[in-house]
Amino acid sequence: MRKIELLTSLEGVSIPTASAIMTLTDPLRYGVIDIRVWQLLHTLGSVPSNPKGQKFSFQHWDQFLQILRHHARQRKMPTRLIELTLFEYHRDHQLGTLYGGG
């Protein structure tokens, strides 16, 4: 958790940007928090708040990462691969506009 705190203390580095940097350095353990993946997790009932997947907090990121890591452990896959799979599924099946919450 210290890594994301350090990264987000830098000017202009948000939670999604910090998560992308961390994912680049260790894709086995991290995934990029993203509107698409969050909206899909919300639709599936895995995350109860922030249905639009915007303005992520540290708590959102922590919850997101725990969910991804859980599925990665179950499937013996990198966390990044779980995140990418969810991202692509949302992109391929999205209804409405991305920022409209659909």
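Because the structure is a prediction, the values reported are computed rather than measured. Values reported hereafter were calculated over all heavy atoms of this structure, with side chains retained and with hydrogens, waters and symmetry mates removed.
Put simply, the side chain of Thr8 gets close to the backbone of Ile4: a donor and an acceptor are under 3.5 Å apart. At least one donor-acceptor pair closer than 3.5 Å links the side chain of Thr79 to the backbone N or O of Leu28. His60 places a side-chain N or O within 3.5 Å of a backbone atom of Ser57 that can act as its donor or acceptor partner. No donor-acceptor distance shorter than 3.5 angstrom exists from the side chain of Gln39 to the backbone of Gly53, with no hydrogens or angles considered. Using a distance-only test at 3.5 Å, with no hydrogens or angles considered, a donor-acceptor pair links the side chain of Ser19 to the main chain of Ile33.
Within the structure, every pair that satisfies the salt bridge (Lys or Arg N to Asp or Glu O under 4.0 Å) test and touches residues 77-94, not counting sequence neighbours, is listed here: Arg80-Glu83.
A continuous path of Ile, Leu, Val, Met, Phe, Trp and Tyr side chains, each step under 4.5 Å between heavy atoms, connects Leu81 with Phe64, placing both in one hydrophobic cluster. There is no path of hydrophobic side-chain contacts, each under 4.5 Å, that joins Leu65 to Leu24. One hydrophobic cluster, built from ILVMFWY side chains closer than 4.5 Å, holds both Ile15 and Val37. Both Met77 and Leu44 belong to a single network of hydrophobic side chains, linked directly or stepwise wherever heavy atoms of I, L, V, M, F, W or Y lie under 4.5 Å apart.
In terms of the side-chain hydrogen bond (donor to acceptor under 3.5 Å, both in side chains) criterion, residue partners of Arg75 (sequence neighbours excluded) are, by chain and number, His71.
Residue Pro51 comes nearest to His42 through the heavy atom pair CB-CE1, 3.4 Å, listed as atom of the first residue, atom of the second, then distance. In plain terms, the two heavy atoms of Val47 and Ile67 that are nearest each other are CG1-CD1, 3.5 Å.
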Notebook entry, point to check: How far apart are the C-alpha atoms of Met22 and Asp26, what are their side-chain angles, what is the distance that settles it, and do they pass the side chain to side chain contact (heavy atoms under 4.5 Å, CB included) test?
Noted result: CA-CA 6 Å; Met22 293 169 65; Asp26 192 353; over 6 Å; no
Check: For Asp62 and Met1, what are the C-alpha separation, side-chain angles and deciding distance, and is it a side chain to side chain contact (heavy atoms under 4.5 Å, CB included)?
Finding: CA-CA 8 Å; Asp62 186 48; Met1 301 309 154; 3.0 Å; yes
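Using cut-offs of 30° and 60° on the angle between ring planes, the pair Tyr30 and Trp61 is parallel.
Asn50 and Gln54 share no donor-acceptor pair across their side chains, judged by distance under 3.5 Å alone.
Using a 4.5 Å heavy-atom cutoff, the side chains of Leu68 and Leu86 are in contact. When side chains are defined from C-beta on, Pro16 counts as touching Phe56, because their heavy atoms get closer than 4.5 Å. Gln63 is listed as a side-chain neighbour of Trp38, based on a closest heavy-atom distance under 4.5 Å.
Both the sub-6.0 Å distance and the 45° axial angle are not jointly satisfied by Arg36 relative to the ring of Tyr89.
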